[in-house]
Amino acid sequence: MTSPFPASAGPIRILVVEDEEPIQVLVQHNLEAAGFRVEVAGDAETALDRMAEEPPHLAILDWMLPGMSGLDLCRHMRGEGAYRHIPVIMLTAKGEEEHRVRGLEMGADDYLPKPFSPRELAARVTNLLRRSYPELQEEVLTAGALRLYPAQHRVLYGDREIHLGPTEFRLLQFLMAHPGQVFERGQLLDRLWGPYAEVEERTVDVHIRRLRQALDPVAPRDLVQTVRGAGYRFNAS
């Protein structure tokens with residue numbers, strides 16, 4: 001199977017930190033079949049060495065590891081600047097709500113208890129990568145004279161370039177991908193910052209305002225519409 005991301009994005013690297021060999025083999029086989037490049041580490045210390053050599057796009061951490069636990073490894077990554085941005089999926093036999101919450105509090109982005117479906121794991125990996133790295137997607141989005149190039153992080157209206165910050169770019173990309181659909185502030189927070197981010201809903205209003213300020217000088221003023229009492233939508237007509 002080919003990668004769900006364009007060839008121009010290069011190999012998407014997944015680091016699996018798991019000490020049980022049968023699970024290592026299962027996860028590695030299924031993710032490689034899904035088009036990813038997979039490296040495996042049996043403990044946190046080896047994982048940190050691998051990350052130092054070449055940071056992965058995403059890490060899958062088993063909760064229970066010899067030495068430093070997967071939970072502590074996740075906490076270490078979130079406190080280390082070089083690894084802070086790497087998305088993390090916790091993979092563990094601990095399925096109780098308390099353990100899920102602890103993992104998320106330590107900075108994990110998603111959680112999958114054992115036993116798990118390899119197909120579901122691959123789907124979660126793909127979805128988390130798309131949310132974390134929108135620049136990996138190559139499909140050009142268009143609406144009239146407005147064009148957004150994800151892989152190049154460029155926005156053009158006609159022949160004029162519109163300069164956007166990273167959050168405004170992701171916001172416009174998401175809205176353009178769902179023309180006419182109304183999204184509440186909470187939905188936009190979940191899609192752009194993740195469902196567990198501690199971000200106020202009014203933050204969305206700030207970035208909508210910045211996006212409009214960048215678009216308004218060159219593009220129609222009603223591209224990003226406010227739907228009173230409901231949220232925001234992209235007007236592609």
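Here, residue 1 is the first one in the sequence, and each next residue gets the next number.
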Handout entry: Note: Glu161-Arg154 ion pair, threshold 4.0 Å (strictly below)
Key = yes
Practice task
Give, for atom CG of Leu31 and atom CD1 of Ile12, the distance between the pair rounded to the nearest 0.5 Å.
Solution key: 12.5 Å
Handout entry: Residues in salt bridge (charged side-chain N to carboxylate O under 4.0 Å, His left out) contact with Arg209, at least two apart in sequence or another chain
Key = none
Exercise for the section: Identify whether Val227 and Val224 are in the same connected component of the hydrophobic contact network (ILVMFWY, side-chain heavy atoms under 4.5 Å). Expected result: no
Problem - Minimum heavy-atom distance Leu65-Ala44, with the two atoms named - result: CD1-N, 4.3 Å
Completion exercise
Value for CZ (Arg233) from CD (Gln225), rounded to nearest 0.5 Å, stands at 4.5 Å
Handout entry: Pair Glu54 + Arg37, salt bridge at N-O below 4.0 Å
Key = yes
Exercise for the section: Would you please classify the geometry between the Tyr83 ring and the His76 ring as parallel, tilted or perpendicular, with 30° and 60° separating the classes? Expected result: tilted
Exercise for the section: Using a strict 4.0 Å threshold on nitrogen-to-oxygen distance, state whether Arg124 and Asp109 make a salt bridge. Expected result: no
Problem - side chain to side chain donor-acceptor pair (under 3.5 Å) evaluation trace for Glu32 with Gln28 - result: CA-CA 6 Å; Glu32 287 179 345; Gln28 182 172 13; 3.1 Å; yes
Handout entry: Straight-line distance of Ile23 CD1 to Lys114 NZ, nearest 0.5 Å
Key = 3.5 Å
Exercise for the section: Ignoring hydrogens and angles, state whether a donor on the side chain of Thr226 or Arg212 is under 3.5 Å from an acceptor on the partner side chain. Expected result: yes
Fill in the blank from the handout: Between the CG atom in Leu172 and the CD1 atom in Ile162, the distance rounded to the nearest 0.5 Å is 8.0 Å
Handout entry: Donor on one side chain, acceptor on other, Asp43 and Thr46, under 3.5 Å
Key = yes
Exercise for the section: Would you please name every residue forming a salt bridge (charged side-chain N to carboxylate O under 4.0 Å, His left out) with Asp205, sequence neighbours left out? Expected result: Arg185, Arg202
Exercise for the section: For Glu21, look at atom CD and say whether over 12 heavy atoms of other residues, nucleotides or ligands are found less than 6.0 Å away. Expected result: no
Exercise for the section: Would you please indicate yes or no on a ring centroid separation below 6.0 angstrom for Phe234 and Phe174? Expected result: no
Exercise for the section: Would you sort out whether Val125 and Ile89 count as a side-chain contact (heavy atoms from CB on, under 4.5 Å), showing the intermediate values? Expected result: CA-CA 8 Å; Val125 166; Ile89 296 177; 3.8 Å; yes
Problem - Same apolar cluster: Leu71 and Met64, side chain cutoff 4.5 Å - result: yes
Handout entry: From NE2 (His178) to CD (Gln173), nearest 0.5 Å
Key = 10.0 Å
